[in-house]
Amino acid sequence: MADARRDAAHGERNMIDRVPIRHLSSGVPGLDEVLGGGVPEFSLNLIAGGPGCGKTTLGHQIMFANASPERRAVYFTVIGEPPIKMLRYQQQYTFFDATKVGDGSVRFIHLGKQALDGGMAKVLEAIVQEIEASNPGIVVVDSFRSMVRGALASGPTGERELTDFMQRLALALTGYEATSFLIGEYAEGEHDSAVFTVADGLIWLYQAVERNSVVRKVQVMKSRGQAQIPGLHTARITDAGYSVFPRLLKPMEVLIERPLEVRLSTGVEGLDEMMGGGIPRGYSALIAGPSGSGKTVLSNQFILEGATRGEHGIVAIFEKRPNDYLQTTPHGEDFEKLVRQKKLEVLYLRPLDLSIDETLLEIQNAVKRLGAKRAVIDSLSGLELALAPTFREDFRESLYRMMGALTGLGVTVMATVELADSYNDLRFSPQGIAFLTDAIIMQRYVEIDGQLKRAMAVVKVRSSQHSKDLREYEISSDGEVIVGQALKGYEGLLTGRPSGGERGKGGRKRRRTR
């Protein structure tokens with residue numbers, strides 16, 4: 001009786017002691033973060049999705065990332081293409097390591113005959129025999145889904161057989177301490193209770209089709225013992241394999257204390273005065289204006305001013321390639337010099353079906369590489385056009401996440417946006433995105449005495465006083481914005497029908513226009 005109590009107490013202590021779980025890196029950029037830290041060692045995971053979603057590619061990438069002579073991997077193909085055909089295509093990816101196949105770290109075994117002759121029982125027997133013989137650390141079974149369909153089609157008996165198969169397979173894989181992956185072809189909404197219940201992790205791959213756009217997405221629907229990032233995350237398959245772009249980037253823990261006490265010069269003296277001393281550090285500023293108003297010129301000056309103060313910069317462009325951008329921007333030669341000195345990086349982000357998550361990751365990585373303090377997005381209008389249609393629908397949400405993530409890095413952001421001149425209403429941004437930024441600089445065309453003039457105003461600087469004046473400005477032959485005096489004595493400048501008479505420069509009375 002005393003021994004029983006002692007054993008019970010020992011068992012309770014073991015349950016109270018927390019068992020650490022090691023994690024394996026998936027080898028897939030971004031996936032470990034979405035999973036909540038990587039793939040738990042000795043876990044049973046299901047990779048599911050429709051045809052062409054990248055299930056086999058993802059399984060191979062994870063396997064090659066972790067296979068070694070000390071942790072061997074076995075890849076079982078059940079019913080489907082034989083290994084020699086599969087490998088013909090998989091070896092095109094850069095993650096494929098032929099030396100691991102040659103030294104036995106990775107083995108491929110086809111179980112098509114066992115599946116056809118003996119069904120799930122023979123398949124299970126073959127898998128168990130191989131695990132006992134080679135004691136692998138990584139096991140991949142691709143694809144067992146056809147067997148599952150056959151079992152479920154035979155009614156209650158088949159369902160019991162499937163449940164028994166899954167439980168025995170999970171017990172064998174766990175007992176021999178293997179981290180395993182089952183790859184299955186599932187339509188969206190399909191559900192196998194026997195399979196999904198036993199699995200410790202469930203990774204679902206999608207292809208979202210909208211008009212002519214196809215966007216890959218991944219969702220970690222289940223990950224036992226760890227907090228995965230919920231929701232759908234953008235993914236892409238390239239020559240390097242599968243990549244995931246988390247919708248919530250890991251913060252870099254940059255804390256900006258009292259941002260209003262440190263202001264960054266825009267490079268335009270008059271504009272700095274209008275903003276109360278410049279842009280507060282860590283703020284996002286929006287330059288809104290029509291075509292040709294000088295938005296890019298102003299953003300260039302912002303970057304060049306930072307360079308003179310030892311602050312590296314990032315410029316993200318969406319409408320022109322870097323060479324074209326550097327040749328057409330007024331300060332192209334200065335920019336080229338800064339690029340060579342690694343004080344500036346010009347990012348061209350215009351692939352087909354761009355996602356906001358890819359954009360954020362590219363900019364974040366560039367900020368880390370350069371230690372950038374200033375960033376320009378030129379332009380938000382180009383970004384919207386470059387996005388896949390599914391992301392354009394939620395452009396405000398996407399922009400909210402982008403601005404929050406970038407300013408969270410401690411970067412001061414200046415973004416340009418195309419705004420058509422309208423004299424019927426007063427707008428500061430398209431699609432109502434003005435509230436997402438900390439400061440707004442408005443550029444407009446106005447007609448005065450039969451001439452087209454440029455006018456600038458600071459609409460807002462959050463938590464700070466700023467000028468309310470509408471001031472005329474010019475763009476010099478050197479490509480610099482020069483802000484003049486306030487346009488005094490005029491009424492209706494923003495309506496297209498101005499009237500008044502006193503110019504701020506000379507105080508001369510102007511003839512009243514009708």
Side-chain angles (χ1 to χ4, degrees), residues 19 21-24 26 31 34-50 53 55-56 58-59 62-63 66 73-80 111 114-115 118-132 135-205 218-228:
V19 178
I21 297 179
R22 293 178 55 198
H23 291 84
L24 306 181
S26 65
L31 183 56
V34 173
L35 286 168
V39 181
E41 194 175 29
F42 312 142
S43 61
L44 174 63
N45 304 277
L46 174 63
I47 301 175
C53 286
K55 302 181 296 298
T56 297
L58 183 60
I62 294 173
M63 177 181 66
N66 290 280
V74 179
Y75 196 106
F76 294 102
T77 56
V78 183
I79 296 179
L111 301 178
Q114 290 86 338
M120 287 188 289
K122 284 292 186 182
V123 169
L124 180 61
E125 181 181 341
I127 291 175
V128 172
Q129 286 179 355
E130 174 59 30
I131 291 174
E132 289 178 344
N135 192 28
I138 305 290
V139 174
V140 183
V141 182
D142 180 13
S143 156
F144 70 97
R145 179 58 176 156
S146 51
M147 290 193 311
V148 170
R149 286 198 180 98
L152 294 177
S154 59
T157 303
E159 192 167 344
R160 286 194 297 272
E161 183 183 1
L162 172 61
T163 302
D164 181 68
F165 169 81
M166 288 304 305
Q167 290 177 345
R168 290 177 180 274
L169 177 62
L171 184 63
L173 294 171
T174 304
Y176 285 96
E177 296 189 336
T179 305
S180 49
F181 301 87
L182 306 181
I183 298 176
E185 188 170 299
Y186 287 83
E188 191 172 346
E190 275 192 284
H191 187 277
D192 289 332
S193 57
V195 181
F196 289 15
T197 301
V198 172
D200 301 307
L202 175 55
I203 303 172
W204 206 292
L205 310 184
V218 60
Q219 181 182 13
V220 178
M221 302 182 71
K222 181 181 180 182
S223 185
R224 280 190 178 133
Q226 55 196 44
Q228 72 271 25

Assess the residue pair Leu58 and Leu31 against the criterion (side chain to side chain contact (heavy atoms under 4.5 Å, CB included)); give the C-alpha distance rounded to whole Å, side-chain angles, the decisive distance to 0.1 Å, and a yes or no. CA-CA 10 Å; Leu58 183 60; Leu31 183 56; 4.1 Å; yes
Audit row: Val140, Ile62, side chain to side chain contact (heavy atoms under 4.5 Å, CB included) steps and yes/no: CA-CA 10 Å; Val140 183; Ile62 294 173; over 6 Å; no
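In this view, Ala126 and Leu111, Gln114 satisfy the side chain to side chain contact (heavy atoms under 4.5 Å, CB included) rule, not counting sequence neighbours. In this structure, Gln167 has no side chain to side chain donor-acceptor pair (under 3.5 Å) partners at least two apart in sequence or on a different chain. Looking at residues two or more places apart in sequence or on another chain, you find a side chain to side chain donor-acceptor pair (under 3.5 Å) between Asp200 and Arg224. In this structure Gln228 satisfies the side chain to side chain donor-acceptor pair (under 3.5 Å) test with no other residue, sequence neighbours excluded.
Between Asn135 atom CG and Glu130 atom CD the span is 10.5 Å, to the nearest 0.5 Å. Taken from CD1 in Ile127 to CD in Glu125, the straight-line distance is 11.0 Å, to the nearest 0.5 Å. One distance of note links CD of Glu185 with CD1 of Ile47; it measures 14.0 Å at 0.5 Å rounding. Put simply, CG on Leu124 and CG on Leu171 are 10.0 Å apart, with the number rounded to the nearest 0.5 Å.
Ile138 has its side chain within reach of Leu24: a pair of non-hydrogen atoms, C-beta onward, lies under 4.5 Å apart.
When all heavy atoms are compared, the tightest approach of Gly59 to Tyr75 is C-CE1, 4.5 Å. Closest of all the heavy-atom pairs between Met63 and Ala73 is CG-CB, 3.5 Å. For Gln226 against Gly38, the heavy-atom pair with the smallest separation is NE2-O, 3.0 Å. Here the closest heavy-atom approach between residue Pro40 and residue Ser43 is recorded as O-OG, 2.6 Å.
Listed for the Lys222 side chain is no donor-acceptor partner under 3.5 Å among the backbone atoms of Asn45.
Between Phe196 and Trp204, the ring planes are perpendicular. Angles over 60° get that label, and only those under 30° would be called parallel.
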Throw together a table of side-chain donor-acceptor distances under 3.5 angstrom for residues 174-184, partners on residues two or more places apart or in other chains.
unit_1: Thr174; atom_1: OG1; unit_2: Ala170; atom_2: O; d: 2.8
unit_1: Tyr176; atom_1: OH; unit_2: Glu132; atom_2: OE2; d: 2.9
unit_1: Thr179; atom_1: OG1; unit_2: Phe42; atom_2: N; d: 2.8

